[in-house]
Amino acid sequence: MAEFLVLGAGMVGVSSALALQARGHQVTIVDRTGAGLETSYGNAGMIQVEAAEPYALPRDMVTLCKYAFEISNDVTWKLSGALQMAPALWSYFRHSSPEKHAKISRVHAQLTFRSTADHDPLIRESGSKHLIRHCGLVMLHRDDAEFEKAVKKAEFVMREYGVTSRIFDGKGYQQEEPALKKTPAGAVHYTQSWSCSSPGALTKAYCDLFVKRGGRFVTGEANTLQHSVSGWKILTRDGELHAEHVVIALGPWSPELVKRFGYRIPMVYKRGYHGHFNAPNSLQRPFLDVEHGVLAAPMVKGLRVTTGAALVPMNSELDTRQLKRGADALNEIIDLGEQVKEPQWMGTRPCMPDMLPLVGEAPNHKGLWFHFGHGHQGFTLGPTTAELLVQAIEGESSPLLEALSPVKRLAR
């Protein structure tokens, strides 16, 4: 048995703590606020088995020009953000080549395919079944040509990764989804994904389970972490804590912390926003309005509309253009109703340029473990990569662990 500090109480951090605890280790979670109150609070709530292939950066000039001039609602950006992320964006572009992306996807698919199975026992044991719907995720297309491409893509991911789907023409899906007031070109319903009606509540339920099993949660600032003779120490409201090992699971804040220990982590920061709406008609299942880059999902607080990516600095001011444009577009096909008045949420997806999370020991420090960089899939993959992290800690090796290990990837 060893003592561990886990920095970060989002889905990845809490999952790390649970996995370590299950192996008999003594674990303390340290977070500046509470469990599931930051990035894990506001995502689209999907456990995405269908996300076998991570989001690549488009390489065709037409799409890149749409992004550059914000003709597409998928991406907005600021020059300051693009300049800060330029090395990471260039690396992302290179890793998005068809050959490299195919290789990366073969690794990523191994993670997403087991995601629901890894969440399932935690959902049951935390008493969270009421938050989960086994309803799948729909990709809704308005353009006939894009729908035809999507059908071929669905056939491909079934052959390549075993991702199942149902294909609907526009009228067929309108019968399936009565909330639609306009007929789309068609829809691809990926059947294996699950939806959560409150991602923050699920993360907190996992944390409560951790504490119930004897774990400890304390409030503290990650930036007080120091390397000591015996391991690691950090200042908290409960005083100074010491442990032999520390797991960095701070999502987009991780690179800034580990920079103090000599690590330069290239990362693409993709900010997202959400808004809740009092929609008069409930959706049968969540759907992505592909043309307008927004996902609509039933949540405890109403119908949540979640945006695509804003490439802006971490400290950039609020800019809800994507959310407003996406909501206007959704209103054309469903009745959104009035927007719920609440503080505007935003969160940042921490995307590594090679589109895979960092899972394993830091190259130059004993007992320093990285568990971050999940991009769009931290909520999906938290329990899965936590199990892999524990395997790495226990000295196991495998091609999958090798692909996620920080040692070789950070040396490139």
Side-chain angles (χ1 to χ4, degrees), residues 5-19 29-48 51 54-55 81 84-85 88 92 111 115 199-200 202-204 206-207 217 219-223 225 234 246-261 263-274 306-307 309-316 345-360 362 368-386 388-389 404 406 409-410:
L5 298 172
V6 175
L7 306 190
M11 179 56 77
V12 174
V14 171
S15 298
S16 303
L18 282 163
I29 297 176
V30 181
D31 194 272
R32 63 183 178 183
T33 54
L37 292 180
E38 300 205 51
T39 304
S40 290
Y41 169 81
N43 58 62
M46 297 303 305
I47 302 173
Q48 290 187 254
Y55 293 104
Q84 285 182 19
M85 290 181 261
Y92 185 17
L111 306 177
S115 59
L202 185 68
T203 306
K204 185 178 185 304
Y206 286 6
C207 188
F217 181 98
T219 303
E221 285 288 346
N223 61 14
L225 181 71
I234 192 170
V246 61
V247 176
I248 309 299
L250 293 165
W253 295 278
S254 300
E256 190 62 30
L257 176 65
V258 301
K259 187 187 295 184
R260 297 172 49 222
F261 303 105
Y263 297 98
R264 298 293 183 266
I265 310 290
M267 187 171 281
V268 178
Y269 299 94
K270 299 182 181 180
R271 180 184 289 183
Y273 296 88
H274 79 217
T306 309
T307 67
L311 303 178
V312 297
M314 286 281 287
N315 61 354
S316 187
W345 177 86
M346 65 178 182
T348 300
R349 307 168 183 102
C351 301
M352 294 297 295
D354 64 2
M355 294 163 271
L356 294 172
L358 285 170
V359 183
L368 177 62
W369 300 91
F370 290 171
H371 193 199
F372 58 85
H374 292 69
H376 295 254
Q377 304 303 336
F379 187 73
T380 292
L381 295 179
T384 298
T385 54
L388 293 168
L389 175 68
L404 303 180
R409 293 166 62 198
L410 295 182

Pairwise side-chain contact, [X] with [Y], heavy-atom cut-off 4.5 Å (strictly under):
X    : Y    : result
F379 : T203 : yes
K270 : L311 : yes
I234 : V246 : no
F370 : P406 : yes
D31  : F217 : yes
F372 : I248 : yes
T306 : N43  : no
R349 : Y55  : no

Of the non-hydrogen atoms in [X] and [Y], which two are nearest, and what is the gap between them?
X    : Y    : answer
T385 : H374 : OG1-NE2, 2.8 Å
V247 : H371 : CG1-CB, 4.0 Å
L257 : N223 : CD1-CA, 3.9 Å
S40  : P199 : O-CB, 3.3 Å
A222 : L7   : CB-CD1, 4.1 Å

Can you list the residues that meet the salt bridge (charged side-chain N to carboxylate O under 4.0 Å, His left out) rule with E256, with sequence neighbours excluded?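 Residues passing salt bridge (charged side-chain N to carboxylate O under 4.0 Å, His left out) with E256: K259.
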Working to the nearest 0.5 Å, report the span between [atom1] of [X] and [atom2] of [Y].
X    : Y    : atom1 : atom2 : value
Q377 : M355 : CD    : CE    : 13.0 Å
C351 : L356 : SG    : CG    : 11.5 Å
L368 : Y263 : CG    : OH    : 5.5 Å
M314 : Q84  : CE    : CD    : 10.5 Å
I265 : S254 : CD1   : OG    : 8.5 Å
T39  : M11  : OG1   : CE    : 12.5 Å

Using the side-chain hydrogen bond (donor to acceptor under 3.5 Å, both in side chains) criterion, which residues pair with S15? Sequence neighbours excluded.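 Scan of S15 (side-chain hydrogen bond (donor to acceptor under 3.5 Å, both in side chains), adjacent residues dropped) gives none.
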For S316, enumerate each residue passing the side-chain hydrogen bond (donor to acceptor under 3.5 Å, both in side chains) test, keeping only those at least two apart in sequence or located in another chain.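 side-chain hydrogen bond (donor to acceptor under 3.5 Å, both in side chains) check on S316 returns K78.
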Using atom types as modelled and distance alone, determine if a side-chain donor or acceptor of S115 lies under 3.5 Å from a backbone N or O of T380.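 Judged by distance alone, no pair lies under 3.5 Å.
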Checking the side chain of T307 only, and the main-chain atoms of Y273 only, is there a donor and an acceptor separated by less than 3.5 Å? yes
